[in-house]
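Quick caveat: nothing in here was measured; it's all calculated off a predicted structure.
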Amino acid sequence: MSDYIPEELVFDILSRLPSKSLLRFRSVCKSWRSLISSSNFKSAHLKTYNLSNPRNFIRHFDLMVDKEYCSVHFDDEALTMVPDTLIEFPFRFCNYCTLSFLRMIGCVNGVVCLFHGNCDTYEDKIILWNPSIKKQLIVSPAMFNLGHAQYWCLIYGFGYDETTDDFKVLRLAYDFRLFSTPRASVEVYSVKNGVSRAWFPNDLPCNYSTSLDAWSQVFYNGCVHWIICDYAIGGSTASILTFDMSTERFGSIALPKYLVKKPAFYLKLTVVRGCLTVIYTKRPRFSFPGPSGYIISAMTEYKNTDSWALIYDVQFPYDMGRVLRLRENGGIVMGAGYGDLKYYNFNSGYFLDSYSRFVVEDAIYIGGYQESLALLDEGHPERDAEQDE
């Protein structure tokens, strides 16, 4: 049939279809298989299909059945689940450390990056997973084997290098045993080439008094971003550390002056309406009842620190929980305690509990999601479960 249809039209039609359908269509003929597997088509499909299908990826834990689930949801006000997208979490390494050690690093171009640290051997593993085509790739443990890892501070990043069409995993490592100024090592793993390289960077603005949030990163405009805090004499100073996935160089971005002296663990980075955004959350500690407040600022022009603009400064008489996501419509999704995913709409001024039966806050994740064909050739079919021996 494709002999009678212009190639450009076939390309356009197929790029508008979900990933699951494209997997089947690769069996239609050799030319379609070659087309769907090409880098140009994968890139076009990522942009075309997701432009009209904004989605959210949610990971949660069901206490009733002691299982983790992932699901894809429409970007409507109620976060309605997309039919047939509930997936039992396919990774479980041991019964007693899954929640504590299997963590989300990020989600980029439809690929979810997960970290697993074995609490017995201190051997780290990185899992790259594409839920839409059910493919996974486990990064070689040798890359992350430091030995005596309990003495190391490990910071991870995940992103995509558009210039080489390559996903990359980044790790920064500090040795806690060095009481003088430590020299951080940097490792970058290339998914496309299947190799890693390590070096001691000269442009990393960190020293012995610096702290980074190991689990809070955002990939935006070709760079990975972390909140960084310098605890030098005279008080702490927070800023943003960047790593360009293409040039593999570090940089920094100053925060708004009214956030520079805020505790780094109360700051969270995200992207809203195409702008790098920082969220400051002030909550009662140790689960004590009390009020909570949120200050949200967006950088309207990337890397122009004069363009920071205050979006919201809102207070609540009770604890609304940790901010999980700032919606494109201006609403905030928050999760707290054992229970609830709360959604606050600034326009109508109310919140609703969209979910129940969540476990502790660290097990709740919600972020933007894009269907893609990433890992189509590099990945392996996911397994229902994986146990460490």
| request: For residues Tyr369 and Asn56, determine if any side-chain heavy atom of one lies less than 4.5 Å from a side-chain heavy atom of the other. | output: no

| field | Point-to-point distance, once rounded to the nearest 0.5 Å, from OH of Tyr49 to CZ of Arg16 | value | 12.5 Å

| Ring-ring centroid check Phe41 Phe11, cutoff 6.0 Å | yes

| query | Are Leu255 and Leu310 connected in the hydrophobic side-chain network, where two residues link if heavy atoms are under 4.5 Å apart? | reply | yes

| Do Leu376 and Leu23 have side-chain heavy atoms sitting under 4.5 Å apart? | yes

| How about Leu276 and Ile240: do any of their side-chain heavy atoms sit closer than 4.5 Å? | yes

| message | Assess the residue pair Ile311 and Arg273 against the criterion (side chain to side chain contact (heavy atoms under 4.5 Å, CB included)); give the C-alpha distance rounded to whole Å, side-chain angles, the decisive distance to 0.1 Å, and a yes or no. | response | CA-CA 12 Å; Ile311 300 178; Arg273 300 172 187 169; 5.6 Å; no

| Leu269 vs Gln217, side chain to side chain contact (heavy atoms under 4.5 Å, CB included): CA-CA, chis, key distance, verdict | CA-CA 7 Å; Leu269 292 172; Gln217 70 124 63; over 6 Å; no

| With a 4.5 Å limit on heavy-atom distance, are the side chains of Phe219 and Val271 in contact? | no

| task | Give me the ring orientation class for Tyr156 and Phe115: parallel if the planes are under 30° apart, tilted from 30 to 60°, perpendicular past 60°. | result | tilted

| message | For Asp244 versus Cys223, what's the shortest heavy-atom pair and its separation? | response | CA-SG, 3.7 Å

| query | Can you tell if the side chain of Thr164 reaches within under 4.5 Å of the side chain of Asn193, non-hydrogen atoms only? | reply | no

| Does the side chain of Arg55 come within less than 4.5 Å of Val82's, by heavy atoms? | yes

| task | Decide yes or no on side chain to side chain contact (heavy atoms under 4.5 Å, CB included) for His225 and Ile253, but give the supporting numbers first. | result | CA-CA 9 Å; His225 302 72; Ile253 300 175; 4.2 Å; yes

| message | Between Val139 and Val195, is there shared hydrophobic-cluster membership here, with clusters defined by ILVMFWY side-chain heavy atoms closer than 4.5 Å? | response | no

| message | I'd like to check the side-chain contact (heavy atoms from CB on, under 4.5 Å) partners of Lys192; sequence neighbours left out, ordered by chain and number. | response | Asp165, Asp166, Ser190

| query | Take atom CD in Glu162; do more than 12 heavy atoms of anything else shown fall under 6.0 Å from it? | reply | no

| remark: Separation between SG (Cys107) and CH2 (Trp129), nearest 0.5 Å, reads 9.5 Å

| field | Flag for Ser196-Glu187: side-chain donor and acceptor within less than 3.5 Å | value | no

| request: State, yes or no, whether a side-chain contact exists between Glu248 and Phe243 at a heavy-atom distance under 4.5 Å. | output: yes

| query | Does some side-chain heavy atom of Ile126 sit less than 4.5 Å from a side-chain heavy atom of Ile105? | reply | yes

| message | Just by distance, no angles: are the side chains of Thr163 and Ser246 close enough, under 3.5 Å, to form a donor-acceptor pair? | response | yes

| task | Applying side chain to side chain donor-acceptor pair (under 3.5 Å), run through Glu371 and Ser19 and close with a yes or a no. | result | CA-CA 7 Å; Glu371 277 203 26; Ser19 301; 3.2 Å; yes

| query | Side chains of Lys282 and Ser292: donor-acceptor distance under 3.5 Å anywhere? | reply | no

| task | Please check if the distance between the ring centroids of Tyr302 and Tyr220 is under 6.0 Å. | result | yes

| Do any N or O atoms from the side chain of Thr277 and from the backbone of Cys275 form a donor-acceptor pair under 3.5 angstrom? | yes

| message | According to side chain to side chain donor-acceptor pair (under 3.5 Å), who are the partners of Asn304, at least two apart in sequence or on a separate chain? | response | Glu301

| remark: Of Leu172, Val224, Ile155, Ile227, the one forming a side-chain contact (heavy atoms from CB on, under 4.5 Å) with Leu241 is Leu172

| request: Report the C-alpha separation of Leu137 and Phe167 in whole Å, then their side-chain angles, then the decisive distance to 0.1 Å, and conclude whether the side chain to side chain contact (heavy atoms under 4.5 Å, CB included) test is met. | output: CA-CA 12 Å; Leu137 180 67; Phe167 289 93; over 6 Å; no

